[in-house]
Amino acid sequence: MTALPLVFDAPRRGKPPRHLADLTREEARAAVTELGQPAFRADQLARHFYRGVTDPAQMTDLPAAVREELTGALLPGLLTPVRTSSADGGRTRKTLWRLHDGALVESVLMRYPDRATVCISSQAGCGMACPFCATGQNGLTRNLSAAEIIGQAVAAAAAMANGEVPGGPGRLSNVVFMGMGEPLANYARVRKTLDALVTPAPHGLGLSQRSVTVSTVGVVPAVRRLTEEGLHVTLAVSLHAPDDELRDTLVPINTRWKVDEVVAAADAYAERTGRRYSVEYALIRDVNDQPERADLLGRLLTDRRAHVNLIPLNPTPGSKWDASPLPAQREFVARLRAHGVPTTVRDTRGQDIDGACGQLAAADRVDGVPAVALPQPSLEPPVEMGAEADQ
């Protein structure tokens, strides 16, 4: 397998059409005024957008004569569903979206008895080049706009509210930035998305910061910026190796910022917020699952405000990487807990639709049928993505 280069600067492509979700409230009100309508129409449009209303005919609080003009100018369709795949009795749904320029991204909605979580993408592809991740091996197509990112969460919230997921109408409760892309490499737009997710209706989805998880492979300057801005979202660090020698290979960004720097940045975030951060660790057979690496990770994280979320690797078609066998997984868990490090094993929801961690690779399957990955048995009651937040 040829190693891909790290890519921080996304390729420049045509910008998506202007969308209300890309504007501040003041900018949206000004845009409506320029169209000859009173400024409060922007608030009405925002209410419809965040409720997932896409048909102008349903926006009955707007004058019929201007509905098409207003929605065309400020609520253009940015995400076109190509197909939806379901698993777990319909409670896990992966949606493939086509963007205005033909780029493709995926999001995954997962319903649990007590919550509903959507895993959203922040980039089309990814420039971090992690060799065991299908998205990373596709390379980076471009950054998503804030509206394209927010739109994935809005669509999931609407699917829950409309009862499209088995279990009847419900509410989207959690959002995790663990889909395609490195969120902190698209910082400005992800930051704007965070504001929209936690802003109360009608100008946002009204989620709590604690229920939003931002994942990163370790873009240290961006983690520091997130800390300085005083956010209290959950931080997840995709570590995957406790030592620099191995992590340089598995997570190439480690050649820029080493393990100690990444952990120190996460510690500073935890100190500022008073909340634990999650350490994501994909267990790969005979690569990073050795007992000595469990001990090394345990010593690294002892007495830190960290929680380890182990992920049995989700194999992708044609990959040389495979999941650790169950005995190795169990010993890894036991050794971490012996060091006093809180540890859980992630739910592998959506494997059979290539919707689990590391499997999103939309560009490879536009015209084909997704390959089926073999499910891995769980070690214990599973924990969903981002659910390891403070109890």
Side-chain angles (χ1 to χ4, degrees), residues 9-81 97-105 107 120-124 141-159 161-162 172 175 177 181 183 186-207 212 225 229 231:
D9 296 324
R12 294 184 176 228
R13 298 178 61 152
K15 289 185 178 180
R18 180 180 65 168
H19 193 284
L20 179 139
D22 290 315
L23 307 177
T24 65
R25 187 182 181 192
E26 292 70 26
E27 289 170 341
R29 290 168 71 89
V32 167
T33 302
E34 291 171 6
L35 293 172
Q37 293 297 310
F40 69 82
R41 297 281 184 225
D43 299 334
Q44 294 173 312
L45 289 171
R47 181 178 296 107
H48 292 304
F49 171 69
Y50 285 106
R51 286 179 177 172
V53 178
T54 57
D55 182 0
Q58 297 180 22
M59 303 179 187
T60 55
D61 56 346
L62 300 175
V66 299
R67 289 175 195 165
E68 295 287 347
E69 180 184 13
L70 288 176
T71 56
L74 289 171
L75 296 181
L78 299 181
L79 298 167
T80 301
W97 304 98
R98 178 174 279 112
L99 310 181
H100 78 101
D101 57 356
L104 296 161
V105 296
S107 61
I120 60 176
S121 297
S122 54
Q123 297 178 310
T141 300
R142 68 169 173 88
N143 285 330
L144 300 191
S145 69
E148 289 171 329
I149 304 171
I150 296 165
Q152 298 168 63
V154 168
N162 296 334
L172 181 71
V175 174
F177 286 79
N186 188 16
Y187 189 92
R189 296 168 187 86
V190 166
R191 180 68 179 83
K192 187 170 185 61
T193 300
L194 293 176
D195 286 338
L197 293 176
V198 303
T199 297
H203 300 287
L205 287 179
L207 302 177
V212 178
R225 184 176 175 186
E229 292 184 355
L231 292 177

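The chain is numbered in sequence order, starting from 1. Given the structure is predicted, the values throughout are model-derived calculations rather than measurements.
Counting only heavy atoms from C-beta outward, the side chains of L99 and L79 approach each other to under 4.5 Å. Under the 4.5 Å side-chain criterion, counting only non-hydrogen atoms from C-beta, D43 is in contact with R25. Put simply, the side chain of V32 does not reach to within 4.5 Å of the side chain of F40, judged on heavy atoms. Residues T33 and R41 form no side-chain contact, since every pair of their non-hydrogen atoms from C-beta on lies 4.5 Å or further apart. With contacts defined as side-chain heavy-atom distances shorter than 4.5 Å, the pair S145/H19 does not qualify. A 4.5 Å side-chain heavy-atom check between L231 and R191 finds at least one atom pair inside the cut-off.
Using a 4.0 Å cut-off between charged nitrogen and carboxylate oxygen, R18 and E27 do not count as a salt-bridge pair.
Taking every heavy atom of both residues into account, Q152 and S107 meet most closely at OE1-CB, 3.5 Å. Contact detail for W97 and P81: the closest heavy-atom pair is CE3-N, 3.6 Å. Counting all heavy atoms, side chain and backbone alike, A21 lies closest to F49 at CB-CE2, 3.9 Å. The nearest pair of heavy atoms linking P183 to S122 is CA-OG, 3.3 Å. L205 and A157 get closest at one heavy-atom pair: CD2-CB, 4.2 Å. Contact between A57 and R67 at its shortest, heavy atoms only, is O-NH1, 3.7 Å.
Judged by distance alone, with hydrogens and angles left aside, the side-chain atoms of Q123 form no donor-acceptor pair with the main-chain N or O of N186 at under 3.5 Å. No donor-acceptor distance shorter than 3.5 angstrom exists from the side chain of E69 to the backbone of V66, with no hydrogens or angles considered. Q58 places no side-chain N or O within 3.5 Å of a backbone atom of T54 that could act as its donor or acceptor partner. Side-chain atoms of N143 do not come within 3.5 Å of backbone N or O of A10 as any donor-acceptor pair.
Of the inter-residue distances, the one linking H203 atom NE2 with L20 atom CG reads 9.0 Å to the nearest 0.5 angstrom. Separating the NZ atom in K192 from the CD1 atom in I150 is a distance of 7.0 Å, to the nearest 0.5 Å. In this structure, the separation between CG on L172 and CG on L197 is 8.5 Å, given to the nearest 0.5 Å.
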Between L45 and L62, does a side chain to side chain contact (heavy atoms under 4.5 Å, CB included) hold up when you go through it step by step?
CA-CA 9 Å; L45 289 171; L62 300 175; 3.8 Å; yes

Yes or no on side chain to side chain contact (heavy atoms under 4.5 Å, CB included) for F177 and I120, after CA distance, side-chain angles and deciding distance?
CA-CA 5 Å; F177 286 79; I120 60 176; 3.8 Å; yes

Assess whether side-chain hydrogen bond (donor to acceptor under 3.5 Å, both in side chains) is satisfied between R47 and Q44, documenting all intermediate values.
CA-CA 5 Å; R47 181 178 296 107; Q44 294 173 312; over 6 Å; no

Between H48 and D61, does the side chain to side chain contact (heavy atoms under 4.5 Å, CB included) criterion hold? Intermediate values first, please.
CA-CA 10 Å; H48 292 304; D61 56 346; 2.7 Å; yes

Applying side chain to side chain contact (heavy atoms under 4.5 Å, CB included), run through L144 and R142 and close with a yes or a no.
CA-CA 6 Å; L144 300 191; R142 68 169 173 88; 4.1 Å; yes

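Checking L78, D22, L74 one by one against P17, the side-chain contact (heavy atoms from CB on, under 4.5 Å) holds for a single residue, L78.
When the shell of 6.0 Å around CG of D9 is examined, it contains 12 or fewer heavy atoms from other residues, nucleotides or ligands.
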